[in-house]
Structure formats: C-alpha cells, structure tokens
Amino acid sequence: MAVLPSEVSPAWFFGIDSAFELLSAFIAIFIGYYALKVLRATKREGYLFLSNAFFAVAFSLIARSLTRLALSYNLLQADSPLQYSGYLIYALFMLTGFALLVKLTLDMKRGTTLLFAFVLSIIPLSLYVGYVFFYLGCMILLSYSVRYFFGNYRRSKSKHALLVFLSFLLIFVSQIFFALIEFANIFYVAGHVVRLAGFLILLYNTFLISRAGKKPTEAARK
Amino acid sequence: MKERRSDVEIVGDMLESVQKAGRIKPTHLMYKSNLSHTRMKGYLEKLLGQKLLEETMDGGTKYFVLTDAGYNALGEYRKMKAFIESFGF
C-alpha cells in the first residue's frame with residue numbers, strides 16, 4: 001500500500017490540518033446549501049450539480065479530518081483498514097465533487113460514464129502506485145473549473161465571478177503543493193493553507209452577496 | 001440562445017424596474033420587464049396579491065410602488081442574482 005499523506009505531516013501541524021479541513025467543509029456546505037436555494041427558485045439544473053459538488057467535497061473533507069483527528073489522538077491505528085477507509089472516502093468524494101463540476105462546466109450531456117470511470121481509476125492508482133495520482137487527478141478535473149470560471153469572469157467582469165475564479169485557482173494550486181509532499185513537509189502545510197485560502201475567498205464572496213441584498217435606505221427609496 | 005427566465009427572475013426584474021423608477025406606470029413596467037400585456041397582468045396580480053407591490057394614484061394616473069415586503073423580496077432576488085453571476089451557470 002502507498003504511504004498516506006497524513007503520515008508525512010509535520011507533527012506540529014497535526015490538528016491544525018483537521019481544523020482547516022473542517023472549516024473548508026463548513027464553507028462548502030454553506031455554498032452547497034445556497035446553491036440548493038437558487039435551484040428551488042430558478043429550477044436551473046446546474047445548481048443541483050453545483051450543490052451536490054460542494055456537498056461531496058464537504059463530506060470528503062469531514063471524512064479526512066475525522067480520520068486524521070482519530071490518528072492524532074490514537075483512536076485509530078496507522079495503516080489500519082479504518083484509516084484506509086477514511087482515505088478512500090476522502091478520495092472518492094473529493095474526485096466526485098470535482099467531476100460534477102467538470103460535468104457542469106463542460107455542460108456534458110454525454111460522457112458522464114467515462115468521466116466517472118476516470119474518477120474510479122484514480123483511486124487504485126493512488127493507493128497502490130502513489131498518492132500523487134490522486135492529486136494529479138484532482139488537478140486535471142479542477143483545471144476545467146478554473147478555465148470555466150476564468151471565462152465567466154471575462155464575460156461578466158463581475159467581482160463575484162473574479163472571487164470564484166480566484167478561489168478555484170487557489171484550490172487548484174493547493175493540489176500542486178499536495179502532489180509535492182514527498183519532497184518536503186512544508187508542501188503539506190502550504191497545500192492546506194492555500195486550499196483554506198481558496199475556501200475563505202468563497203466565504204468572502206458569500207458575505208459580499210449577502211450585502212448585495214441589503215435594503216436601500218429611506219433616502220434612496222425617495 | 002439565452003436561457004429562458006424563470007418566474008422568480010421575471011418577478012425580480014419587475015421589482016428591480018419598480019425600485020429603480022421609484023414609482024412606475026403599468027405600461028412602462030411592461031416595457032422595462034420585457035413582457036407582453038397578458039403575462040405582465042398575471043405577474044402583477046401575484047405581486048399585488050402577495051403585497052410586494054401596491055397601487056397608487058396621482059392625478060388620475062395609476063402607478064405601482066414597492067412595499068416593504070417588496071423591498072425584502074428584491075433584496076433576496078439580488079442576492080440570488082449575485083450568486084448566479086458568481087458561478088455563471
């Protein structure tokens with residue numbers, strides 16, 4: 001079996017990585033929930049995929065975080081079947097979330113089976129050949145989202161679109177850092193920091209959106 | 001081809017038009033909302049029924065204005081529009 005990434009985390013970062021993941025998961029749930037609201041209001045099918053994508057990513061981060069916490073507090077043995085199950089859930093749901101975004105950004109009517117076959121093929125590769133394949137797979141899938149959101153920003157010139165593009169760009173960059181974990185522990189930390197930054201930008205965008213609905217003042221009404 | 005507007009988007013556009021004008025005549029609302037007379041009548045009935053709009057008269061001319069509930073609804077619509085703009089779907 002391949003070495004799982006948590007085993008190369010600096011000792012001082014144990015616990016902090018889980019906190020980062022839980023915070024990112026919370027943000028992803030929030031975005032997914034808001035996408036559901038938009039789906040209900042507009043009946044645009046895209047928001048079903050968007051909400052499911054974010055919920056899948058949130059679930060994967062929670063699974064990973066709980067596995068890591070259990071390892072930190074010796075509730076779980078390293079190299080145990082439970083640890084590998086935690087990793088499997090993390091990998092499967094993270095890839096599924098990103099694949100749903102690919103389906104959405106490419107507006108795929110066909111080829112979904114092929115897309116998910118690609119997703120499923122990455123998991124045994126990452127377990128038996130090297131975890132770097134998981135991060136490479138994430139990068140391939142995320143590259144479509146980054147390209148789409150950049151195009152969305154260019155079309156709309158809106159600050160909201162810019163923030164979403166930047167957040168996905170950072171999440172993409174974080175995968176590069178994670179893929180380089182083997183060379184230095186610092187990449188593990190960098191990956192977590194950059195990924196959290198990406199999710200925090202999404203949260204900031206949601207904050208700005210909530211202000212977009214602010215009631216005009218009485219003076220503005222008159 | 002541009003995606004067809006949902007009911008919520010049409011109502012949102014109508015509320016935006018009324019808010020921008022402050023008060024608006026029915027014909028102007030129809031043009032601003034890009035709706036036929038029949039369709040606009042249907043939406044207006046809903047908006048008036050839900051008390052998001054109210055009618056006022058000024059010198060024999062009918063106008064529509066937003067109620068407080070209408071402003072709240074418009075706020076929610078703007079949030080939704082900003083979210084849609086963020087992701088572009």
Side-chain angles (χ1 to χ4, degrees), chain A residues 30-31 33-51 53-54 101 103-105 107 145 148-168 201-202 204-218 220-222, chain B residues 1-24 28-29 32-35 39 42-43 46-47 50-56 58 63-89:
Chain A
F30 190 65
I31 307 288
Y33 168 72
Y34 207 90
L36 271 182
K37 278 179 77 172
V38 173
L39 168 69
R40 266 189 237 118
T42 63
K43 312 279 187 282
R44 288 193 192 184
E45 196 190 46
Y47 290 93
L48 174 64
F49 289 108
L50 186 68
S51 67
F54 275 102
L101 286 173
K103 184 173 162 63
L104 192 51
T105 57
D107 196 16
S145 298
Y148 174 84
F149 290 126
F150 178 63
N152 182 46
Y153 165 62
R154 280 187 70 183
R155 276 189 303 274
S156 67
K157 300 272 186 277
S158 111
K159 66 175 177 270
H160 298 296
L162 173 63
L163 289 173
V164 169
F165 160 66
L166 287 175
S167 92
F168 274 87
I201 289 176
L202 276 177
Y204 176 62
N205 183 49
T206 312
F207 166 71
L208 289 181
I209 286 171
S210 70
R211 293 193 63 190
K214 219 173 156 187
K215 238 172 153 174
T217 59
E218 284 301 317
R221 284 197 206 187
K222 287 172 187 154
Chain B
M1 196 176 169
K2 214 178 168 186
E3 210 171 304
R4 222 183 135 167
R5 290 186 293 173
S6 64
D7 283 347
V8 166
E9 286 164 305
I10 290 171
V11 164
D13 289 346
M14 288 176 74
L15 294 176
E16 287 267 22
S17 302
V18 177
Q19 192 267 322
K20 278 179 189 155
R23 63 174 193 178
I24 197 166
H28 290 174
L29 179 58
K32 296 274 185 201
S33 313
N34 198 25
L35 290 169
R39 286 190 82 199
Y43 285 110
K46 280 186 197 168
L47 289 171
Q50 287 170 9
K51 302 211 186 324
L52 301 181
L53 287 183
E54 60 188 9
E55 281 179 19
T56 61
D58 187 0
Y63 293 93
F64 292 113
V65 293
L66 281 185
T67 60
D68 280 348
Y71 275 102
N72 289 337
L74 179 58
E76 290 304 311
Y77 171 70
R78 281 177 174 160
K79 281 191 230 175
M80 190 190 75
K81 213 168 140 187
F83 188 87
I84 290 172
E85 197 178 85
S86 303
F87 291 95
F89 298 129

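So you know, we letter chains A, B, ... as the sequences are listed, proteins then strands, and number each from 1. What you see is a predicted model; the values in this text were computed from it and never measured.
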CZ/A:Phe30: more than 12 non-hydrogen atoms of other groups inside 6.0 Å = no

Between the CD atom in B:Glu85 and the NZ atom in A:Lys159, the distance rounded to the nearest 0.5 Å is 8.5 Å

Relative to chain A, which segment of B:Phe87 carries a heavy atom at a distance below 4.5 Å: side chain, backbone, both, or neither?
-> both

Residues A:Ala41 and B:Val8: closest non-hydrogen pair is O-CG2, 3.1 Å

Greatest number of non-hydrogen atom pairs under 4.5 angstrom with chain B, of A:Leu163, A:Leu50, A:Asn205, falls to A:Leu50

Residues, nucleotides or ligands: over 12 heavy atoms within 6.0 Å of A:Arg155 CZ | yes

Heavy-atom check, side chain of B:Lys79 versus side chain of A:Lys37, under 4.5 Å | no

Nearest heavy-atom neighbours spanning B:Ala82 and A:His160 = CB-NE2, 3.8 Å

Go through the atoms of A:Phe49 and report whether side chain, backbone, both or neither lie under 4.5 Å from a heavy atom of chain B.
-> neither

Can you tell me how far OG of A:Ser210 sits from CZ of B:Arg78, rounded to the nearest 0.5 angstrom?
-> 14.0 Å

Name the region of A:Phe149, side chain, backbone, both or neither, that has any atom closer than 4.5 Å to a heavy atom of chain B.
-> side chain

What part of A:Phe168 gets closer than 4.5 Å to chain B, counting heavy atoms only: side chain, backbone, both or neither?
-> side chain

A:Ser145 portion near chain B, given a 4.5 angstrom heavy-atom threshold | neither

Describe, in one word, how the ring planes of A:Tyr47 and B:Phe83 are oriented to each other, choosing from parallel (under 30°), tilted (30 to 60°) and perpendicular (over 60°).
-> tilted

Side chain, backbone, both or neither of B:Leu74 within contact of chain A (heavy atoms, under 4.5 Å) = neither

Pair A:Asn152-B:Phe89, side-chain contact (heavy atoms from CB on, under 4.5 Å): steps then yes or no | CA-CA 9 Å; A:Asn152 182 46; B:Phe89 298 129; over 6 Å; no

